[in-house]
Asker: 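Take a look at this one; I'll ask things after.
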Amino acid sequence: MSKPKFAMYWSGSCGGCEIAVLNIGEKILDVDSHFDVAFWPVAVDAKVKDVEALPDGDILLTLWNGSIRNEENEHMAHLLRRKSQLLVAFGSCATEGCIPGLANLSPLGEIFETAYHTISTDNPQGIHPQPVTQVPEGEITIPALKDRVYTLAQVVDVDYTMPGCPPESHQIAAVIDLVIQVLEGKAQLPPKGSVIGAGGSTVCEECPRKRNVKTIKAFRRIQDVAPADPELCLLEQGIPCNGPATRSGCDARCPRVGAQCIGCYGPAEGVLDYGARLITAFASVIDATEPQEIERILDGIPDPTGQFYRFNLADSLFKAGSAALKK
Amino acid sequence: MPQTDIQPFRTALIQEEDLSLLEEVSMKTAGVSHLEMCIQCGSCGGSCPPAEEMDHTPRMLFAMLRAGMRDAVLQSNTPWICVSCYHCVVRCPQNVHITDVMYTLKSMAIREKKYRDATAPEFSETFVDMVEKYGRSFEFGLATRHYLKHAPLRLVSMSTMGLGMLTKGRMSITPKKIKGMPQLKAILDKAKELELTS
Amino acid sequence: MSDYLFYPGCSMESSAKAYYDSLMEIAEPLGINLKEIEDWNCCGATEYVGINLIPAYSLIARNLALAAKMKNGTKTVVAPCSACYLNLAKADYYMAERPALGEKVNQALEAGGLHYDPGTLDIRHILDIIINDIGLDVLKAKVVKPLKGLRVAPYLGCMVPRPDYYHRWSDPEHPIELVEVLKAIGAEVIDFPRATTCCGGHMTQIGPETAYELIRRLISSAEKYKADIMVTVCPMCQMNIDAYQSETNRYFGTHYHMPIVFFTQLIGLALGFPPEKLGFGTEITSTKAALARIGVEIPEPVEEGAPRRKKEEGLPMPPRLLKNVKGKPRNTEEAEQ
Amino acid sequence: MSETFEPVIIGFTCNWCSYRAADLAGTARMKYAPNVRLIRLMCSGRLDPTFVMKALASGADGVLITGCHPGECHYIEQNYKALRRYLLLRRVLKGMGIAPERVKLVWASAAEGLKLAQEINTFVEEIRALGPLGWNRKLAGNGHALEQPAMEVTA
Amino acid sequence: MSAESGSKKPRVGVYVCHCGTNISHTVDVEQVREWAEKTLGAEGVVIARDYKFMCSSLGQELIEKDIKELGLERVVVAACSPHLHELTFRGASKRAGLNPYLTELASIREQVSWVHTDKAVATEKAKAVVAGAVERVIKNEPLEEIRVPIHPDTLVVGGGIAGIQAALEIANAGFKVYLVEREPSIGGHMAQFDKTFPTLDCAACILTPRMFEAGTHPNIELLTWSEVTHVAGYVGNFTVTVKKKPRYVNTDLCTGCGICVEKCPKKVVDDVYEAGLGYRKVVYTPFAQAVPKYPVIDAPNCTYFQKGTCKACEKFCPTNAIDFTQKEEYVTIQVGNIILATGYDLFDARRVSNYGYGRLANVFTSIEFERMSNAAGPTGGNIVLRDGKTQPKTVGIIHCVGSRDKNYNNYCSSICCMQSLKFAHLVKERTGATVYEFYIDMRTPMKAYDEFYQRVLEEGTLFVRGKVAQVTNAARNEREEGKLIIQVEDTLAGKQRRIPVDMVILSIGMEPRHDAKETSHLFGVGCSSDGWFIEKHPKLDPVSTMTEGVMIAGCATGPKDIPASVAQGAAAAARVLNKIMQKEVVLEPIKASIDQEKCSGCRICNGLCPFNAILFHEDRMVSEINPALCQGCGTCVAACPAGAISGTGFSNEQILAQIDGLLMDVNLAV
């Protein structure tokens, strides 16, 4: 009998998610034993035309990692949506834009400028890529960039989202187990639209550090707090830790080892704008009533936009900075 | 000296009702006059040091403005007696810019030639001529020219004092002139074309 | 040394030379650095506004515009003459209170390539500077020859404490600033009931009878309080009371002799400057007798309303108020100290 | 932009002060610009930055936040919390390239109907001067590459 | 607006009120109605109506009928401010069987028709406001009102005539009252007066019986020489902390014999009761009929407290009641309602420097004169000059001192005219002096007041209509020498007058208590920029405040005479009794709650609640909200980084939806 088909695709992202999948160790064998890998550019050799050839909905499960940065990403998103029964936005790029999403703060022109025409780039002929180029052999094309970075859900209908940069391997394993159990009729799929492979609360829930009523007189970069109290809540030490607003599921990896949470698991359940939660959280712990004093304390967060939207910008209410949007 | 046959303050009948008068005066006054706010309490009339010389107390003038008694108001000597001591202004419970209203009434009386004694208006005009000529006031010129015209006899009696001022170096017989006269002239000429309309 | 933009005003170079000279003497020791506004013009006194509003305010505003151009470091313009002080201050205030006026005046100024935004400058009187910027302590410290025994009538006149749109003074009718300064230089200051009543202003020119009566009131009550000398901050007041005193005497058949000088002249004496450098001797009503008095004791006069604490019999008096501001009733015991 | 740009502004009011100030302005028939649409909260402390972002992202050109004067909060001190969030929010907006002046916090007590009316007029003019934000239109782009823009941030 | 997609939208009814012409004259009501039905149909609006007066019984029945017949699940009434009619329409829904909290008011009168002029623009704004309300109401949840029992005890703050009256009314109805007064005795300003206008009956004679009754009433607990320092809780359940200042007299032992006062060697000026005109001992009872009778030691002035010696009072006290070791103590009381009758301060006459008070000895204030004319006062009722002996031959009485004057207070102090007339009468009666009254306008509106004016006219008092310009001692001629000269314009004669007199009485106005702002914060009541407390409604609810359970009475809300203050005291008491009889109050069910599953225990909210409603469970590492303490401000809701806190009545969903609604037109344009 033929096994259900599995696919995984990599669009605008770093590839860390693919590594994370491989990180699950021998579990990967279960995948192989329960699925036919129909399409997984990193792992197996298959062509897009093969996918196009499949009947719609022929693929049971597709893990999509990466943001929608260009027209090819968009095209593939629509294709795999058509061919898959379950499309999972896998990892921070697909779910909320992640680091690539920060490109939404800059206009495209600038991005090209920096990428091709600054000192850090060795580009003697000053090549500037064009969507369409005429060569003797004929016309060659490369996918044009979209006006901004989109999340998968902003382009196609998504069944499940799995946050994390990358998703924790043990979470991936758990999800795979679940799907297998469902195949064996031992379990039910969670309702469509659910977040899988993560907790329902925020990082603090899993964080072992002691916490009290918080009042901050100054925000300080972690390297300026020497040595940070290993027991005490980092935020209480004035270190801008995103834990309070970031979805649980990573087992508070960073705070455990003394690094502040930077928020890769995105917003908690039902939150409309991740950054807004951090704005009120941080503002709430400031211990001052005089505007000047408050401003002084806020100076301790040099780049608030970056601090609060490092991963979530593309999925925030604004979705981008005005520079990228100006028409 | 201009003649007007109407002398309303001699009769108990109001013969003129120019109901836009109050607003007109208010508009032509520096700052926000608050003239319409007057509650006729009389703190101005009570405060006025030279009240005994006046035809009307300021309060009464404001009532007459409301009643639109244009000629009567502009003929009144009250604004010309005002010594700009600002007692009434600081005591007025309604913050009426009384002193400035007096200035406005003077300028209106001059423009409409309604004043009944030319001494004061012409003193002011002489002073202004000096300033427009030199950019500075010129007491000697002012005094001599003024007394010659209006109080030749007094000039004699004053001469002792004037002499004192001269000998003590407190009055110079030659005017000082500022460098920027052309500039000042340009400014004043332009200013004379302008009117407060709002 | 604190820097100020300086607007002397016309009379300072003529009728009020004594004011100018004495001010120039005491400025240095008091640490006041006066930078004269280049090519300033007359402020129009109380005459120009009575003829034509916009030109009058444009005339004043030219000075403000010139001053504004010079302001670096300081935005304070100091005027010693009451009328000048008031005109400059009023122009600044009204141009803001009545934007229509501001516009028109600036239209006129443009014709001379100038512009002034109300609020750019602080217009202040020299007395205000001495008491609030320099301070009584500094002044006291500089005194070498306290004016012990000289009974002075502090005479502020009208246009400094009133209308006082910027609330710079302790009270519009009985302010304490001049009193404090004169006490600081050791003079005996009388509770002068007419400290801020009118000297007749320009009425000496156009309606002398009116003016003489006002002058009489002042001199007579100064004399009633046994003042040796009157002290003023205003050229017009000084001129009227000094120069028109004989006229006044002639008119009423009286024989008053009440000299009047500028407060800067007395400060000069207290700081040890020789009288001639301070413009003494230029007054019409001689100060010789008065100055000779310095050092001689004079019996306590009967003053009304002696402070409560001293007075056990009869009914107590409320304490005096220091600054006229809204607040808790009976809030100023310190007024006593 | 055309001189007749009529900004749309969302105003958040506190049930105890500014909302009553608005009522007072009404009963006193004070006239003010019609560009502001008010939302009642129980307290300025209820103001979630999300609301402001939502309003701006959904097409508002400005957001006016009003609360009780410092020290006069009906809930003792919650308006201070609103103040802190507001100050941080402005920094974030600036980072997004949105003029922070598009969001303004003013205090107005229940007795200050006139003040509220004046503040509204002033703010409407300030936003008029800044011009339209039109974020909803910006987001509704066709999704294709666009030419070089300029940032909006004003200092 | 896809939030609702899938699940079917609730059926909404929209009702647009004309409010006579109040709304319809600037808003095209029909257009709004039509638009609501068409455009908002997609949002779930099934019916939209307009009506002349929605708040009328017919208007309400209209809504009830539709709820029943059309099965409406939500109601939006576009009319006036919710502060006026929210309850009305919630009531209507309730009668028709719809949960009252599924009804929203859209304020298109206060926020649209009354403040805008251009009809087209106003109509568009009205639509936006309605759209906002519709989107919001869709997200409303059915709520149950919270009922809490009312504590039957009452706190009355201020022991003046208004406070005493209020206390007696409640006490006589059989309920307990705490009467707090910061001075050593109750009685207030009225206790300082001699006669009261217009009847001229003696203030003490009519006041002291009331004071005594209050002092001995079994249901009244007097807390004099005390101040309220903290108020917590809400209507029906206030917890109040009162600071009792040390009297240094043990009231259990003191018999009020007064020997300590007699023996005390030190005299100081009495700034309070004697208005600075007389002296009192350092250990003192403010006046003979003081209630309670116990004296107080004025520590800052007491020789013992300064130098450590004296103790005369202690030596002579027959019952050893003097106790120098007393410290201030704090008592906490539980009350259901509070009445603020904190009264007024007098205007500081020294500020009107041109009247010379404080500089010219024989210028007196009205309160000084009250004490002077009082038989128990410092002069034994003799009207004399500051020297304490000379009787004045001419007296000038000046009205409106510090009142009706933009330089001081804009308002009319309302009692000055009558009090001045009273003074004129007393001066004449006691000295036969010539009396001048200087007034701007004579205001004698209440019962028998103008008759009193007539009487004073008859007595030959000379009235001058004019605001006095100055009072000076600078004489211009012999006639004026040694006198006070009142310079004024006689506005009826149109001439300036200088009137020499021996004595001047300044009829000084009333001002809010200097600490009125603090008091208003303490009790959470509104305070105008002047400083007077704000009534819930100036005409229809003058003794209530915006804060349920806190009433106001007497001059704390503005200048009043004695009859008005007494009436207000009684009215406030009636309000309180009405609440007590209801036994319980209904509270808005606006509360925050924490989803225990979502809470990460980060504790960020813990520091935010001034009512300490948020507690942290160390064991479960989650925070929880005590609904009884929660006041519903929503600050924690807005602060929770995990979005774990939600607030009823003002949920995120409701507000976000309202934003969508308000901006509907903007987005339709895109």
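Numbers restart at 1 for each chain; the letters A, B, ... are given by sequence-line order, proteins then strands.
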Asker: With a 4.5 angstrom heavy-atom cut-off, is it the side chain or the backbone of E/Val121 that approaches chain D, or both, or neither?
Answerer: side chain
Asker: What residue in E/Cys633, E/Gly634, E/Gly132 has the most heavy-atom pairs under 4.5 Å with chain D?
Answerer: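 So the answer, after comparing E/Cys633, E/Gly634, E/Gly132, is E/Cys633.
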Asker: Between E/Ala639, E/Pro82, E/Cys609, which shows the greatest number of heavy-atom pairs under 4.5 Å with chain D?
Answerer: E/Pro82
Asker: Heavy-atom pairs under 4.5 Å with chain D: which of E/Lys125, E/Arg109, E/Glu124 has the most?
Answerer: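 Winner by heavy-atom pair count: E/Lys125.
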Asker: Give the member of D/Ser44, D/Cys43, D/Gly134 that has the highest number of heavy-atom pairs under 4.5 Å with chain E.
Answerer: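 Most pairs with chain E among the choices: D/Cys43.
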Asker: Go through the atoms of E/Thr547 and report whether side chain, backbone, both or neither lie under 4.5 Å from a heavy atom of chain D.
Answerer: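 Contact with chain D is through the side chain of E/Thr547 alone.
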Asker: Indicate whether the side chain of E/Glu110 and that of D/Tyr19 have a donor and an acceptor atom separated by less than 3.5 Å.
Answerer: no
Asker: Quick test of your reading of the model: are E/Asp665 and D/Arg37 salt-bridged, counting only N-O distances below 4.0 Å?
Answerer: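 Counted as a salt bridge, because a side-chain N and a carboxylate O are separated by less than 4.0 Å.
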Asker: If you tally heavy-atom pairs under 4.5 Å against chain E, which of D/Glu112, D/Met42, D/Glu77 wins?
Answerer: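 Top count of heavy-atom pairs under 4.5 Å with chain E: D/Met42.
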Asker: Between the side chain of D/Lys81 and the main-chain N/O of E/Cys636, is any donor-acceptor distance below 3.5 Å?
Answerer: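 No: the side chain of D/Lys81 does not pair with the backbone of E/Cys636.
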Asker: Indicate the atoms forming the closest heavy-atom contact of D/Leu38 with E/Gln111, along with that distance.
Answerer: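 Smallest heavy-atom distance, with atoms named: CB-OE1, 3.5 Å.
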Asker: Quick one: closest heavy-atom pair of D/Gly45 and E/Ala638, and the distance?
Answerer: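 The answer is O-CB, 3.6 Å.
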Asker: When heavy-atom pairs shorter than 4.5 Å are enumerated against chain E, which of D/Pro34, D/Gly59, D/Ser58, D/Ala82 gives the highest number?
Answerer: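 The residue among D/Pro34, D/Gly59, D/Ser58, D/Ala82 with the greatest pair count is D/Pro34.
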Asker: Please flag which part of D/Phe12 lies under 4.5 Å from any non-hydrogen atom of chain E: side chain, backbone, both or neither.
Answerer: side chain
Asker: CD1 of D/Ile39 to CG of E/Leu662: how many Å apart, nearest 0.5 Å?
Answerer: 5.0 Å
Asker: Between D/Arg46 and E/Asn652, do the side chains contain a donor N or O and an acceptor N or O under 3.5 Å apart?
Answerer: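 Side-chain D/A pair, E/Asn652 to D/Arg46: present.
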Asker: Judged by atom type as modelled, is there a donor-acceptor pair below 3.5 Å linking the side chain of D/Gln78 to the main-chain atoms of E/Pro610?
Answerer: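 Checked: no pair found.
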Asker: Side chain to side chain contact (heavy atoms under 4.5 Å, CB included) between D/Met30 and E/Trp114: does it pass, once the steps are laid out?
Answerer: CA-CA 8 Å; D/Met30 300 165 183; E/Trp114 274 352; over 6 Å; no
Asker: Who wins among D/Arg40, D/Arg20, D/Lys54 for the most heavy-atom pairs under 4.5 Å with chain E?
Answerer: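 It is D/Arg20.
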Asker: Does any backbone or side-chain atom of D/Asn35 lie under 4.5 Å from a heavy atom of chain E? Answer side chain, backbone, both or neither.
Answerer: neither
Asker: Can you name the nearest heavy-atom pair linking E/Asn22 to D/Arg29, along with the distance?
Answerer: OD1-NH2, 3.8 Å
Asker: Tell me if a side-chain donor or acceptor on D/Asp48 pairs with a main-chain N or O of E/Val637 at a distance below 3.5 Å.
Answerer: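 The answer is no, because no donor-acceptor pair under 3.5 Å joins these two groups.
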Asker: Among E/Val129, E/Val525, E/Leu84, E/Leu608, which residue has the highest count of heavy-atom pairs closer than 4.5 Å to chain D?
Answerer: E/Leu608
Asker: Might you confirm whether atom NE2 of E/His230 has over 12 heavy atoms from other residues, nucleotides or ligands at distances under 6.0 Å?
Answerer: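 Open: at most 12 neighbouring heavy atoms sit under 6.0 Å from NE2 of E/His230.
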Asker: Could you tell me which portion of D/Ala28 (side chain, backbone, both or neither) has an atom closer than 4.5 angstrom to a non-hydrogen atom of chain E?
Answerer: neither
Asker: Is D/Ser109 close to chain E through its backbone or its side chain, or both, or neither, when contacts mean heavy atoms under 4.5 Å?
Answerer: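 Contact with chain E is absent: no heavy atom of D/Ser109 under 4.5 Å.
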Asker: Between E/Ile590 and chain D, with a heavy-atom cut-off of 4.5 Å, which part of the residue counts as in contact: side chain, backbone, both or neither?
Answerer: side chain
Asker: Given that the side chain runs from C-beta out, which part of E/Leu656 has a heavy atom under 4.5 Å from chain D: side chain, backbone, both or neither?
Answerer: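 Both backbone and side chain.
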Asker: At a 4.5 Å cut-off on heavy atoms, which part of D/Leu41 comes close to chain E: side chain, backbone, both, or neither?
Answerer: both
Asker: Find out whether D/Arg85 and E/Thr635 are in side-chain contact, i.e. whether some heavy atom of one side chain is under 4.5 Å from a heavy atom of the other.
Answerer: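 Yes - at least one pair of side-chain heavy atoms lies under 4.5 Å apart.
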Asker: To the nearest 0.5 Å, tell me how far D/Ile9 CD1 sits from E/Leu663 CG.
Answerer: 11.5 Å
Asker: Give a yes or no on whether the backbone of D/Asp23 and the side-chain of E/His83 come within a donor-acceptor separation of less than 3.5 Å.
Answerer: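 Here the side-chain-to-backbone pair does not exist.
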